[in-house]
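Have a look at the structure below, then the notes.
For the single chain, residues carry numbers from 1 onward in sequence order.
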Amino acid sequence: MDFVDFNTFDKSSDGDSLLPQPQPALSLTNIESLSKRFTSNLNTNLSRILKSDGKQDKSQTINENERTQDDSIAEKYAQMSLSLLSKDKPVDDSVEVVNKSDSQVPSTNTLTTRLSRVLNDSLSDSHIREIFTHLEEKVINDDEYVTELIEPGVIGSMTRKKLRGKIETELIKNQSLILKEYAPLVKQLKAIESRLNKLNELNKSTNEKIIKNYQFSTDFNNQIKHLIDEQKLIGLKKSLLISFKDKFTLNEYEEFILTSGDLNEEFFTVLSKAETINENCSILLSIDNPQLGLKIINKSNHIINKARDRIVTYTNKTLSNLYSLNQKSRLVILHQCFRYLKTQFNYFSSIVTIFSETRSKSLVDEFYKQIQCDIDSNPSKSDLSRPIFLSAHDPVRFVGDLLAYVHSIAVNESETMNSIFLLDEIEDQKEREEFKSIIQDVLDKILKSLSRPVKSKVESIISSETKLSIIFQIFNLVELYSFMFDKQLKDAGNFVDTVKNLVKTCQDRIFMIITNRLATIRTSNSAQLELNLDLQPPEWIIEFYGDILPIVDQMTTETILNLPDEESSKFLKLIVNEPIEVFYQHVKDNKLFSNKLDLLIIKQNFLDLILTKIIPINLLSNKVLEINDMIDGLTQELIEYELQNILKNCNLLDYYNIINMICPFTDDFFEVSIYEPIKENKLYSIDGFVKTDEILQNYLPNAMIEIQQELLKLNSPIVVNEVVNSSFISLVKFYNKLNIINQEYLDFNFTWSDFDLATLLGIEDAYVKELEKSI
């Protein structure tokens with residue numbers, strides 16, 4: 001520590017202490033800075049003390065320079081103290097008295113370091129106050145010593161040096177005591193130091209070993225990594241080779257299965273793998289060198305083709321011997337063959353074609369044996385095969401037996417196909433539909449071979465037959481079997497179409513027979529000669545309807561022969577309208593019927609005959625209405641003819657024509673004034689009507705008998721009655737209205753009234769009803 005000279009510790013005049021107030025705790029990180037600050041503050045305080053002391057000698061004031069010199073000396077000694085503390089020297093040698101000749105004071109680094117540690121400790125204000133209090137006690141206890149201490153001269157300097165020495169001695173003692181307390185710790189620290197040195201040496205050797213081990217492990221790890229990379233590369237190559245071998249090659253066992261093994265589930269699995277390999281080779285063909293892919297493809301194609309040939313051979317062999325399918329295992333293998341060949345259209349198509357041709361040939365041969373077998377030449381064989389014998393007297397039976405035989409064949413073939421393809425055991429709906437389509441195709445091809453011979457045989461029978469009844473029975477059989485084939489074998493479209501064509505053939509044959517028959521009648525002289533003055537229908541229409549109408553009456557369908565509406569209408573026209581046209585043509589060409597009444601009667605009788613024939617048949621109801629209209633038309637013509645004849649016989653025809661020229665009579669309206677122009681006619685006179693009245697009285701009583709005699713050849717009594725009544729009623733109406741006109745313009749009345757005339761003609765009741773209708 002540095003020390004300065006203290007002059008006095010007097011109190012100031014105002015009672016305040018001249019010493020500085022306690023400062024806050026210093027951060028004594030550096031003992032040199034502490035000494036400087038301490039010296040500076042101490043000098044300042046001493047200056048203040050010296051200035052404030054009013055009792056100082058004036059000499060002291062005068063010798064200010066000398067005091068300044070002393071202050072510099074004190075500061076120098078303080079610096080020397082600091083230098084001593086800063087040197088690294090033992091504590092015992094740290095205190096040495098030096099003179100003013102600026103001799104150097106040895107210092108100890110150790111002491112400085114230790115003091116720095118002590119002084120660097122943070123001191124509280126109380127601790128600093130205690131230190132200075134203790135110092136103050138040492139200084140103030142001896143007033144003489146204090147006086148010497150603050151003496152500015154040499155004595156003061158020596159006193160202060162002694163004080164410093166005491167303080168340093170006491171400080172050293174105190175520090176020594178403290179250091180003694182740390183001696184065991186230092187001893188332990190030295191032991192720790194030796195151990196730490198050993199640890200450092202051990203650490204160093206360990207680090208060297210670790211570095212060596214690290215370098216070794218790094219090299220080792222690099223080598224291992226390199227080996228692992230090589231192992232991965234080799235493993236990758238191995239996996240690629242294994243995958244390549246698995247994806248692109250077949251082992252010897254698999255090749256043996258495809259070329260020589262049994263056909264089973266494993267066979268088709270290996271075949272699927274071989275086809276997959278063949279498909280995957282497209283990848284190998286895309287590389288720079290496609291030779292490997294070509295080589296694999298050639299090899300796999302050779303094996304696959306050989307396996308396919310085995311499947312085709314097995315399938316053909318099995319299908320050629322259907323009895324072998326009794327074994328369930330063989331049937332299952334055949335089904336698997338079908339599933340595979342289904343994807344190979346060419347192979348499957350060839351198998352189906354071969355199988356269909358074989359079955360077709362067998363069926364056709366059997367069919368011809370049935371229809372051409374000579375029972376007389378080989379009765380035992382005929383009994384064994386039960387052939388279809390064509391009876392010359394019963395073609396209907398032959399056609400029925402023939403169609404029944406063909407139907408049994410078709411049903412058997414259908415069941416056989418279903419059993420071959422296991423259609424009932426397939427659960428997958430899509431696969432079921434696919435195999436159902438295959439069955440349809442096969443069945444159609446098999447039955448197609450029978451279409452031509454069956455059609456040819458039945459058509460030959462139909463074309464050679466001329467009887468409508470036989471053709472109609474054949475038509476019913478063919479139509480029945482057409483429905484049966486369509487229901488059970490609708491998938492075999494070709495054969496079903498053939499049977500339907502046979503139905504159409506029967507219909508066309510019936511059309512042809514009727515058309516030819518009518519054409520024959522149209523040109524037949526004998527048919528024309530059947531017409532005579534008895535005015536009766538010819539015999540040929542009776543025979544014609546005797547053959548056709550029983551057939552039509554047996555039909556239960558909605559249309560004739562189950563034809564479409566248009567075709568049915570043509571048929572009805574053929575059997576109803578065509579005969580009428582033929583008859584009308586014959587009547588027209590016959591010169592016997594020059595009289596209109598005979599012509600109307602014979603037509604009326606012909607239509608009446610047709611009506612009586614067709615009226616019981618439901619299918620001809622429309623034609624019944626049409627014939628009725630035609631009969632009504634002829635009836636009106638007869639009525640008009642008879643009315644004209646009666647008017648002519650009664651001398652009323654001219655008047656009837658004159659009145660109709662003016663305005664025809666109607667039941668709804670009659671006005672006498674309209675007919676006034678009749679007066680201008682020369683025939684309209686009283687004399688003429690008088691004569692007419694006489695004629696009426698002579699003719700009308702016998703008119704009924706005369707008309708009935710004329711209509712005697714008319715076969716329908718209803719028509720006769722309608723013609724008589726209608727003509728007489730028209731006559732009475734005209735008679736009545738003419739009589740009214742005569743009363744108005746001639747003042748003339750007929751002898752008989754209209755009711756008298758109606759009673760005379762026997763139509764009074766009918767006339768009254770007619771008048772009631774007109775009211």
Side-chain angles (χ1 to χ4, degrees), residues 395-396 399 455-479 482 499-531 537-590 602-603 606-607 609-627 630:
V396 178
V399 173
K455 182 179 180 181
S456 176
K457 195 65 182 175
V458 175
E459 284 183 349
S460 65
I461 295 174
I462 294 173
S463 61
S464 62
E465 186 59 48
T466 58
K467 294 182 179 179
L468 286 175
S469 59
I470 301 299
I471 298 298
F472 180 70
Q473 293 180 38
I474 295 175
F475 165 78
N476 288 333
L477 286 173
V478 175
E479 187 179 35
S482 175
V499 180
K500 290 182 178 180
N501 289 334
L502 290 177
V503 174
K504 187 67 170 59
T505 301
C506 292
Q507 295 170 347
D508 294 341
R509 180 60 179 167
I510 292 174
F511 266 96
M512 185 180 295
I513 291 175
I514 296 174
T515 302
N516 292 339
R517 190 166 180 177
L518 289 175
T520 303
I521 294 173
R522 185 186 297 271
T523 59
S524 175
N525 293 326
S526 61
Q528 295 181 8
L529 293 175
E530 291 178 1
L531 299 177
E539 292 294 329
W540 62 263
I541 189 64
I542 299 174
E543 295 177 358
F544 179 77
Y545 281 130
D547 293 338
I548 294 178
L549 294 182
I551 296 174
V552 177
D553 192 28
Q554 295 177 19
M555 298 178 185
T556 58
T557 55
E558 294 181 359
T559 58
I560 300 296
L561 298 175
N562 205 18
L563 291 168
D565 293 337
E566 185 178 355
E567 296 292 329
S568 179
S569 298
K570 290 181 180 180
F571 185 85
L572 292 177
K573 184 177 180 181
L574 181 65
I575 63 175
V576 176
N577 298 92
E578 286 292 331
I580 294 175
E581 292 180 4
V582 171
F583 174 76
Y584 282 5
Q585 185 65 36
H586 288 175
V587 171
K588 182 179 180 181
D589 296 337
N590 198 320
I602 194 171
K603 288 182 177 180
F606 187 82
L607 293 177
L609 174 65
I610 293 177
L611 182 63
T612 56
K613 295 291 184 180
I614 66 174
I615 197 170
I617 302 175
N618 293 329
L619 291 175
L620 300 178
S621 57
N622 292 332
K623 288 299 177 181
V624 170
L625 298 177
E626 184 178 347
I627 297 299
M630 296 174 67

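- The CE atom of Met512 sits 8.0 Å away from the OG1 atom of Thr515 when rounded to the nearest 0.5 Å.
- Leu609 contributes atom CG, which lies 6.5 Å from atom CD1 of Ile541 (distance to the nearest 0.5 angstrom).
- Checked by atom type, the side-chain pair Thr557/Thr559 shows no donor-acceptor distance below 3.5 Å.
- The minimum heavy-atom distance linking Ile513 with Thr466 is given by the pair CD1-O, 3.6 Å.
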Verdict with reasoning, Phe544 to Leu518, per side chain to side chain contact (heavy atoms under 4.5 Å, CB included) | CA-CA 9 Å; Phe544 179 77; Leu518 289 175; 3.8 Å; yes
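- Evaluation of the ring-ring contact (aromatic ring centres under 6.0 Å, His included) rule for Phe583 yields Phe606 as partners, not counting sequence neighbours.
- For the atom pair CD1 (Ile627) and CD1 (Ile610), the distance works out to 5.0 Å, reported to the nearest 0.5 Å.
- Residues meeting the side-chain contact (heavy atoms from CB on, under 4.5 Å) test with Thr520, sequence neighbours left out: none.
- Side-chain contact between Gln473 and Leu477 is absent, with no heavy-atom pair separated by less than 4.5 Å.
- Each of Val582, Val587, Asp589 was checked for a side chain to side chain contact (heavy atoms under 4.5 Å, CB included) with Gln585, and the lone residue meeting it is Asp589.
- Within the model, atoms OG of Ser464 and CD of Glu459 stand 11.5 Å from one another, a figure rounded to the nearest 0.5 Å.
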Which donor-acceptor pairs under 3.5 Å do side chains of residues 561-569 form with protein atoms, sequence neighbours excluded?
{"residue": "Asn562", "atom": "ND2", "partner": "Glu479", "partner atom": "OE2", "Å": "3.1"}
{"residue": "Ser568", "atom": "OG", "partner": "Ile560", "partner atom": "N", "Å": "3.3"}
{"residue": "Ser569", "atom": "OG", "partner": "Asp565", "partner atom": "O", "Å": "2.9"}

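- When atom types are taken as modelled, the side chain of Glu465 and the backbone of Ile471 share no donor-acceptor pair closer than 3.5 angstrom.
- Annotation: the span from Leu611 atom CG to Leu620 atom CG amounts to 11.0 Å, rounded to 0.5 Å.
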Side-chain donor-acceptor distances from residues 570-581 under 3.5 Å, at least two apart:
{"residue": "Asn577", "atom": "OD1", "partner": "Lys623", "partner atom": "NZ", "Å": "2.5"}
{"residue": "Asn577", "atom": "ND2", "partner": "Glu626", "partner atom": "OE2", "Å": "2.8"}
{"residue": "Glu578", "atom": "OE1", "partner": "Arg522", "partner atom": "NH2", "Å": "3.3"}

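- Met555 places a side-chain heavy atom less than 4.5 Å from the side chain of Leu619.
- Evaluation of the salt bridge (charged side-chain N to carboxylate O under 4.0 Å, His left out) test over residues 611-622, restricted to residues two or more places apart or in two chains, returns none.
- Listed for the Ser482 side chain is no donor-acceptor partner under 3.5 Å among the backbone atoms of Val478.
- Summarising the geometry, atom OG belonging to Ser526 is positioned 9.0 Å from atom CD1 belonging to Ile521; distances are rounded to the nearest 0.5 Å.
- Of the possible polar contacts, none joining the Gln528 side chain to the Asn590 backbone as a donor-acceptor pair under 3.5 Å is found.
- With hydrogens and angles disregarded, a donor-acceptor distance shorter than 3.5 Å links the side chain of Thr523 to the backbone of Ala519.
- Residue pairs meeting the salt bridge (charged side-chain N to carboxylate O under 4.0 Å, His left out) criterion with at least one member in residues 508-519, sequence neighbours excluded: Lys504-Asp508, Arg517-Asp547.
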